[in-house]
Structure formats: C-alpha cells, structure tokens
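All ligand and atom numbering here is 1-based and tracks the order in the structure. Note that the numbering runs from 1 along the sequence shown for the chain. Quick note: numbers below take in every heavy atom, side chains included, and nothing from hydrogens, waters or symmetry partners. Predicted, not measured: the structure shown is a model, and the values here were computed from it.
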Amino acid sequence: MSTLVVGFPRIGEQRELKKVLEDYWAKKVEFSKVEEVAKDLRKRHWHYQKDAGIEYISSNDFSLYDNMLDTAIMLGAVPERFRELKGQELYFAMARGDDKRVAMEMTKWFNTNYHYIVPELSANDTYSLNIDKIKSEYFEAKSLGIKTKINLIGPITFLSLSKRIDRGEPLELHGKILPLYEELLVEIAKWDDEIVIQIDEPIFVKEPSTKMLSLIKPTYDKLASVSTKIKIIVSTYFEHSNEATKVLVHTPIWAIGLDFIHGKENFDALETLSQSDKVLIAGVVDGRNVWRIDLKKSREILEKIEHSFPKNRTILSTSCSLLHTPFTLKYEEKLDNEIKSWLSFAVEKLDELKLLNQLYFHGSTNEKIEEILEANSSRKASAQIHNQEVQQRVSSLTKLQREGAFEERIKLQREEIGYGTLPTTTIGSFPQTAEVRRARKDLKTGAIGEEAYKAKMREYIDECIAFQEEIDLDILVHGEPERNDMVEYFGQMLEGFAFTQNGWVQSYGSRCVKPPLIYGDVSRPKPMTVEWITYAQSKTDRVVKGMLTGPVTILNWSFVRDDIERSEVSKQIAVAICDEVDDLQKSGIKIIQVDEAAFKEGYPLRASKVKAYEEWAVRDFKIAVSTAKKETQIHTHMCYSEFNDIIKTIEAMDADVISIETARSGNELLKIFKEVGYKQEVGPGVYDIHSPRVPSVEEIKTQIKLLLEVLPKEQLWINPDCGLKTRKWEEVKPALRNMVIATKEVRGEL
Ligand code: GLN
Ligand code: ZN
C-alpha cells in the first residue's frame, strides 16, 4: 500500500522563506521576489517527498504566514478594518498590522509551539470564496508531474478556533461557512478525474461539545457528497478523536486520519472503523519529535493496527504535519556523531515512513532496518544517556518540598528581607542591547576571551544596578545580559542537553525557534548563575533577586527524549535546579525567582489527562525549590493572566510570590485569586511591556488602585507584566521610573 505525509515544513531548509519575507517587509525586495522564493521552496519540498517515494503529498500546506490566515482569506473573512486593502498588503496587514491597523490576534495551535492567526467573524459579515491559492498550488505541482492531495483546514476546526467580534458562538456561523466549502469542492472537482482532499479537523481531539458533535455528520454528509470525483480524508492529530470517529464512520468520507503516537486511545476505534468501508490513515511516524523511530515500538504499533484493521485499507502516515520538527539533519556538523545517529528530522522521517511501509506490507528486512535497530540499541545502552548517580538520586529523593507553611515562612522573610507595603520589582531581564548581543557572539566565535566577555557583562550589571537604585526600586535584579534565551542558557550548562545548528521550527510567521534536545539524564556539573547574581549583589545594599528557569518550562520548550516518561525528565531537571537554589542561598541571595513561563503550555488536550500532568508539574516545581530555607523567598513568574481553571494548581505550587501578566485585563482576571482565598503574595503586572508605549504615572496609579480593589495591600507586589529584554532602555527607564513614583503616591494615600 502507500504512504502519506500530513504536511511538510515550509520555512525552508535554511529558513529561505523567513529571510525573503523579512527583506520584503523591510522594503529591501519586491513581492515578486517572495513569490519566486516561495515557488522554488514548494518545488523543492515536493521533490523531497517524491524522491522519498511518498504517494500522498500535499499542496496548500504551504503558507506565506499561516494556514488559518489563508483559510480566512479563502472564505473572505476579512475584518472590516482591513477591507480597503488588497493582495499581499491585505494579507500581511491582517497578520502583522500596519501603521493604521492593529494586527489580528495570534494564539497557540493546540499543544504545539506554533501560533496561528485567530480569525475574526461576525454574523453581519458576508463571506465569499476565493480559490486562487489552492488552485495555483495544485496546478503548479501538477506541472511538475506531481499530483497532490489538497490540504484544507476543516470548517469545524476553523470556526472553533475563530472568535466572534459580535457576541455569540463561532459555531453558530456554520450555516454561512459550510456552503463555501461545498462551492470549493464543486470547483476542485472540475480540475481532475480524481482528487484527494485532506480536511484537517484537529479540533476533534479535544473533548467535543454536544454542539460540535452534532455538526460533524451534517458537515461531512454534505462535503463527501459533492462529487464522486473527490475522495475526502478527515485528518485528526495530537490526541485521540474517538467521539468524532464514531460519527465519521457513518458519513460517506473516504478515509480517517488518526494519530497513533499521541493518541493511543485511537486503537479503541479500530474495531468500529474496520466494520465500515473507511480507509485508515495511520499516523505512525512522530511528527512532533526529533528522535529516530524506535523499531521495536513501531512494530508493536503496526501489529496492534493489523490486529484490528484490514491491511488493504491502511495507509501509513506521519502522526501530524512535519511542520513541528526541524527540516533536515544535513546541516548538523557540530553535533556529536553518536547523538546525531539517534535523530531524525522532517526529511529523514520521510525515509522512516517509507521503511515502515515496507516492513508492514512486505515484511522485508534490509540493511536500513539493521542500521536503525543498531542505532536503537546503541542509544539504549549509551553511556551518554545513563547517569547512575542521577537515576539513583532522583529515585530515592525524600525531600520533596521546602519546610514550613507559607504563613510561617512569610513572617521570617519579611524580617529577613525587610520590605514594606507594595514592594516594587521587575521580572528579571533588562534590555538586551546590541553591545550585549555582540559580546555574547564574540565570545562564541572566539573574537573575545572569557575575561573580556565577563568584563562587558559586569559593566552591564553595574549600570543596571545603578539605574535601579537611582529610581529607588525595592528588589533589584542583575538584568540577565548573559542569557540569549531563558531555556537555552540553562540547557547549555546542564548535562544531557544538545544543541543543533539548524534545528529551526516555525513558531509564527517568519519566526522560528531552535529548541534544545534533551537526550540523556540531566545533571548540573557546576553552579550556573551564582557568579552573576552574587556579583550584582556585591554592588548594592538592596536585595538582589536570583533568576532561574523552572523544570516544567525547560521541559516544555525542549525536544524531550522519548525513552523515559516526560515526568521523569522533568524531575531530573528539578533536582538540578534545587542544587542551584541552594548554592544561591548559601552565597547570601535572599530571593530566588524560578520562572515557569510555559507551565500552562504543557497542559494536555484531553481533560482526563490534566490531573496527571498537574501532579507531576507541581511536584517538580516544589522539588526545584525544596532546598530553600524558610527565610529564602521564592518567586515565580508566569506569562499569562487566565488562571481561572488552574488557580488551585498554582496555589499548590506554593511560591511565596507569583508575578503574572494581568496588565492588559485591568483587575478582572485577578478576581479569581480573591475568590479562592489565595494566600500567597501576587505581583499582577501594572503595565504592558509588549508595547513600546511608556505608561504615565497616572495610568499606573489607576491600575494599582484597581488591583487594590481586589487584593489587600499586604498581598500585592508592584512590577511590570513580563521581562524587559525586548524593550529599549529609552522605554524602560521612564516606564519603571513612573512605576516607582506611582507606587509611592499610592502608598501615601493608603
Ligand atoms: N526572567 C525572565 C525575563 O525577565 C522571564 C521571562 C519570561 O517569563 N518570559 O526575561
Ligand atoms: Zn513573562
């Protein structure tokens, strides 16, 4: 039988798309240049798949910015403020805003680190079909001799992920949207004798509402009856979709795509599926990770599928689009050879898919299989992965949390640190200047030595401390000039982490991230931050807060080994961090902040799995700070404001102080802290650092007073809503100055 790839990365193996887009936005090249590069990339990407022998290759998985945005354009769902624009001006203004219009909102695509543009819909709008992109990509591929399947985001997922700007539920607009999909299919049916359309409905993997479930059958009864020339695949990924699958078998669609890597419960649907006439697109090659397939595990999966589902109706596929993995290993020259032999990025995964196909349908063993089996077993036995000492310590850990209840600790801390009402502080980072970046780069390339580098960093810290004293902030920070990124910095100091040169993954638009790879047991060979923090502390009589990244965030922003449980890896990181906490405290640091910016990001898609995640995530935060004495104050920071569903979990983490991102929501979202009787101290963020605007004293005063309406003054801290590293000093200086003045004025009025 055959193989299918759900979708392919589009940014380019050397981020060609990023570069040309950014040149275009900077007005360095014309739009025709963007089109030329994009066309070339599509061609190369199709050929990668064709050369690997993949049968079902997609068109319309490409995008200049985002596929949800493309779908909004396809449906003519253009918010009013953009309607006077056309073509690429319209498209990029919707994505990024322009001098007259704010951009559309962007948010996380399920539990990935990819972000999509959130469509804005309204009952008053009229929508109309625009098939240009889909058509031109289809025929572009065809002219290259490649007959593609056409990828679409399904109507139910599109609506569910949109927002209504007039009140109301997006799904209520189903009746306006579905006819456009029908019209689209009617058009497509004219293009060829037989066309496969992959309609992505990943929303089916979340606990479906009754409303959503009730829409599945009418939607797919309709779409699958448009033309006999069209074969529809409904594709799901990232979790199981059993509720939807049960409905879909009773519609005339051709095939259903299920993820057997991240949705093991999908096996339960096979029985029902086998009794229907549906083809199964079986996601068996992990599209979310970077490891080479484990042939033993893959064989088990294939056996289970074979056991309940007819082989002649099975097509093997990636578990989801390969968008979420880096492009190719080809450019990794510095990676340790052994580690490299354990890896597989998008291009390499094509071969794995092909290989599994061979194994499944022909049962043959060949050299390639031998090689993988060998890599699998060498990885399992490798000394690089296993650290007896770490395993021993982690499994026999007895101290799982710090001593003393919050009420007792906070009294001691207030005495020890000596802060009064409405203490002021920041989240940690200060502006990353060109000079600082340059120094880090020069150190890396060897242009400057260790000592020269340290001198530059100290100079920055001196200025940063002096500024904070000058404006009279209460709790100071060193400013984090030595960190490029809050996860990478720690990863580079910890054992068990590796870094790629070119392992970029698209995060949004032209932006990519290069997550660290956690391949082995994690340990901390030596202190990571003590030198910088104690240096900063030596420069002032005020208290300097130490800055660490928490275990859950490090985990959620990395590619994590798949040979042990994620919770186990997280626990190892927690143990490494707890040693750092102890070292900081022993060096006289009285406040330590353990950032958990990505705590919420790790939440499972299925409600039934939330509890298990919360349990180990809280456990590991507590382990990370378990070494803190009662007198040592532990802060944490989280980059969001919606705590309604997770407030009890946040409370259970038992940080003495938490800073959060409520600046943009007034005091509305803070109310939950009061409602549940949250005891610990809270710094709700009094101004939005994501904008270059400098807030006035009056504005900040108003914000502080709003906060005081919700929480008592004894519980409140005053700080910006996130780190300041992306801002300029010209913005940060007056903003923080105003923040301190505003706080003092409010204190005077209390
Ligand atoms: N301490 C980090 C900083 O200030 C926290 C950043 C974050 O949570 N995103 O940059
Ligand atoms: Zn933040």
_Given Val544, which partner from the list Gln468, Gln537, Lys539 fulfils the side-chain contact (heavy atoms from CB on, under 4.5 Å) test?_
Gln537
*Name all residues meeting the salt bridge (charged side-chain N to carboxylate O under 4.0 Å, His left out) criterion together with Lys630; count only those two or more places apart in sequence or in a different chain, and write none if there are none.*
Glu408
_Any donor-acceptor pair under 3.5 Å linking the side-chain atoms of Ser641 with those of Glu661?_
no
*Inspect the contact between Glu416 and Lys629 and indicate whether a charged nitrogen and a carboxylate oxygen are less than 4.0 angstrom apart.*
no
*Salt bridge between Arg414 and Asp656, side-chain N to carboxylate O under 4.0 Å?*
no
*Check each protein residue for a heavy atom under 4.0 Å from ligand 1 and list those that pass, ordered by chain and number.*
Ile427, Gly428, Ser429, Glu480, Met486, Met547, Asp595, Ala597, His637, Cys639, Cys722, Gly723
_Given the ring of Tyr640, does Lys600 sit roughly above its face, with NZ or CZ under 6.0 Å from the centre of the six-membered ring and within 45° of the axis?_
yes
*Using a distance threshold of 2.8 Å, what protein N/O/S atoms lie below it relative to the Zn ion (ligand 2)?*
His637 NE2, Cys639 SG, Cys722 SG
_Listed partners of Gln401 passing side chain to side chain donor-acceptor pair (under 3.5 Å), at least two apart_ = Lys622
*Close side-chain approach of Phe599 and Thr649, heavy atoms under 4.5 Å*: yes
_If we ignore hydrogens and angles and just use 3.5 Å, is the side chain of Arg440 paired with the main-chain N or O of Arg483 as donor and acceptor?_
yes
